[in-house]
Amino acid sequence: MASSSNRSDSRRHAPSTASAHSSTIPGSSSASTSSSGAATSYHSSMACSPPDSPNATLSLSASSSSARDASSRRHVLSHINDIFKCTICFGRLEDPHLCPQCSKLYCYDCIGEWLDSGSSQSCPNCKIFLQLDQLVKVRWFDDIQQLQRNLRALACGSEERDGKLGEESLVPAADLCPKHRKRVNFYCSTCEQCVCEVCATGGDGDAGQPPGQHRDHTFKALQVTYEQHVALLDGELEKVEHYRDKLSLLLNKIDRNVELIRRVKTVKHKELEAIMVAALNSLDRQEEQKLTKLRVHQFKLMTEIEEVNEKLQAMRYDMEFHSKPQLIQMKPKIVAACNAIRLLPIRDFKQIRVPASLKIEIPHLFETGIFVVQNFSTFDDNKVVYSNEFSDCMGRTWRIMAWCVISEDHFGIYLELVHGRPCWMECTFQLIHLDPEKTISKTIRQYFDRTPQKGWGLRDFVTLKTILEENYLRVNDSLELLYNIRPCSPTETDHALDADESSSEH
């Protein structure tokens, strides 16, 4: 901002003629006399000091020295502006407060938002713990601002004097009237054209034509009109810069949103490392979905900011390197471009924000228990025993049924739904042996309701001969059955088997 301001100031105080400082000049004889006198003085001074004369050399040396002094003053003003900037928003300080530790200056609203955001409770510069009520209000800042204004006014006055000093030097071709080859130093408000003193005084009539194309028109000094246009355009560009800053702030908030999601993900990872790998994969998937949404907005915002910067650079280039008349003619185009940029809507961060929360998706927990079958040797053919009822993680009530079929040499295990809604269940049954390698384990996935079905268990889980000969019976004549059950979803194979069973029944 400081650099653009310096450029604008240097252009606003470009050299102008003595007559260019009048505010409004009606086309009359008095204006003609004044302008003619100024023209005579200009030509006589040029005639008296040829380019190769010592006086001309001295004049150029003085102009060069004055230019260096003006540049030095502008550098000092720019340095002062850089010192008195908020280090959070990098803009002009508003209601400045300083850190009591490092004395760094901040806008009160900026440091308040920084401390209230919850992300940091410390000074952005020295990192010391800081609270809002510890900030020190800068009561002498108004005096500094007045000093800046005085320095700026002094610099402007010096540049105007330097401009007058170098007025007798070479005039750029773009500042000359194409018709009379005189310096363009007036603006005709009636025709909205930049004209020279000859055009303004009515001395441009040709033979046989009415004299004075701009006779009885209203004129303004070109410098005054130029400064008005520059001030208006600076205001428009500042609005675009403010728009750009809002986009940057929105981008920073999205970056902060991404950082929070990643932090939550890290915490959840540590929480889930001891539980299961499947939950970590779920977190990765959720994170990618949310960050993909945010990256889309990031890319759009960065692209838009780049486009705005390119347009700003182009417009500032036009303002910097075009002549005053050309700039005045270009004003409507630049204003329209600024308005077109600002009319583009900025989405509310609330519409873009992705909640910084991730769900830990843990599979249904197994309901695990031991079913002890007592007095196994006393079982008759088709003997049935039931376990105690128990509940799964979804609140359904179940029980295990053991069925001994002596005639077929089978020992079967079944699961029955006692209470609750029908569902798919994954069931693992283990017949425990003292030698872990001999433990028999079998798993089924089945749809259960409260209507007994043959497929609800394992009819031929193990043979009776195996139980007796492989020492599965305990010394107290009992069998130990471990069960793990949990709700599940049917697989494509399960759907296919159900369809085959339905078609065979029909």
Side-chain angles (χ1 to χ4, degrees), residues 1-9 11 78 81-82 84-94 105-120 124-125 230-263 287-322 327 330-356:
M1 291 293 291
S3 60
S4 63
S5 176
N6 291 338
R7 290 198 300 270
S8 299
D9 290 343
R11 297 180 69 253
S78 174
N81 290 335
D82 290 337
F84 294 102
K85 278 186 177 181
C86 173
T87 54
I88 295 179
C89 69
F90 298 103
R92 182 177 297 175
L93 285 167
E94 298 291 342
L105 295 172
Y106 307 102
C107 298
Y108 185 75
D109 290 342
C110 292
I111 189 64
E113 183 178 356
W114 175 275
L115 296 176
D116 292 340
S117 64
S119 60
S120 175
N125 181 58
V230 168
L232 188 149
L233 293 175
D234 279 341
E236 296 297 321
L237 294 179
E238 285 179 2
K239 293 176 183 178
V240 175
E241 289 172 347
H242 183 62
Y243 175 89
R244 189 260 329 269
D245 292 341
K246 286 185 176 180
L247 294 176
S248 300
L249 181 60
L250 183 59
L251 182 60
N252 291 337
K253 289 182 178 180
I254 291 178
D255 290 337
R256 181 61 184 164
N257 196 182
V258 172
E259 181 182 350
L260 289 175
I261 291 175
R262 287 176 174 167
R263 180 176 296 182
E287 181 210 24
E288 185 59 29
Q289 291 174 352
K290 293 187 176 185
L291 295 187
T292 299
K293 294 180 182 178
L294 291 175
R295 288 192 191 105
V296 171
H297 296 297
Q298 280 181 311
F299 179 79
K300 290 181 179 178
L301 286 171
M302 288 189 290
T303 302
E304 188 172 355
I305 290 174
E306 184 178 355
E307 292 175 355
V308 171
N309 282 330
E310 290 177 356
K311 292 178 181 177
L312 279 171
Q313 291 177 2
M315 289 186 286
R316 289 204 177 278
Y317 178 88
D318 291 339
M319 292 178 61
E320 186 72 23
F321 295 100
H322 284 79
L327 178 62
M330 293 169 59
K331 184 202 73 174
K333 179 180 178 181
I334 298 177
V335 173
C338 293
N339 290 333
I341 295 173
R342 296 201 318 275
L343 287 176
L344 296 174
I346 300 179
R347 295 191 63 183
D348 188 357
F349 178 68
K350 294 180 181 178
Q351 299 175 352
I352 300 175
R353 177 181 177 274
V354 176

Can you see which heavy atom on [X] is nearest to which on [Y], and at what distance?
| X | Y | answer |
| --- | --- | --- |
| Val240 | Val308 | CG1-CG1, 3.7 Å |
| Leu294 | Ile352 | CD2-O, 3.9 Å |
| Cys86 | Tyr106 | SG-CA, 4.0 Å |
| Cys338 | Leu237 | SG-CD2, 3.6 Å |
| Arg244 | Leu312 | NH1-CD1, 4.1 Å |

Side-chain heavy atoms of [X] within contact of [Y], under 4.5 Å:
| X | Y | value |
| --- | --- | --- |
| Val354 | His297 | no |
| Lys246 | Leu250 | no |
| Cys107 | Ile88 | no |
| Glu236 | Ile334 | no |
| Val335 | Leu233 | yes |

Nearest 0.5 angstrom please: [X] [atom1] to [Y] [atom2], how far?
| X | Y | atom1 | atom2 | answer |
| --- | --- | --- | --- | --- |
| Leu93 | Cys110 | CG | SG | 9.0 Å |
| Asp318 | Lys333 | CG | NZ | 7.0 Å |
| Ile254 | Met302 | CD1 | CE | 9.5 Å |
| Leu251 | Asp245 | CG | CG | 12.5 Å |

Check: Thr303/Glu307 side-chain N/O donor and acceptor closer than 3.5 Å: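 Thr303 vs Glu307: no donor-acceptor pair found between side chains.
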
Take Glu241 and Arg316 through the salt bridge (Lys or Arg N to Asp or Glu O under 4.0 Å) test and state the conclusion after the steps. CA-CA 12 Å; Glu241 289 172 347; Arg316 289 204 177 278; 3.0 Å; yes

Could you walk me through whether Asp109 and Glu94 pass the side chain to side chain contact (heavy atoms under 4.5 Å, CB included) check? CA-CA 8 Å; Asp109 290 342; Glu94 298 291 342; over 6 Å; no

Looking at Lys290, Gln289, Glu288, which hits side chain to side chain donor-acceptor pair (under 3.5 Å) with Thr292?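 Only one of Lys290, Gln289, Glu288 forms a side chain to side chain donor-acceptor pair (under 3.5 Å) with Thr292, namely Glu288.
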
Give a yes or no on whether the backbone of Leu344 and the side-chain of Tyr243 come within a donor-acceptor separation of less than 3.5 Å.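 Judged by distance alone, yes, a pair lies under 3.5 Å.
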
Tyr317: which residues meet the ring pair (Phe, Tyr, Trp, His ring centres under 6.0 Å) condition with it, sequence neighbours left out?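 Testing Tyr317 for ring pair (Phe, Tyr, Trp, His ring centres under 6.0 Å), a comparison that skips the adjacent residues, returns Phe321.
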
Would you sort out whether Gln298 and Arg295 count as a side chain to side chain contact (heavy atoms under 4.5 Å, CB included), showing the intermediate values? CA-CA 5 Å; Gln298 280 181 311; Arg295 288 192 191 105; 3.7 Å; yes

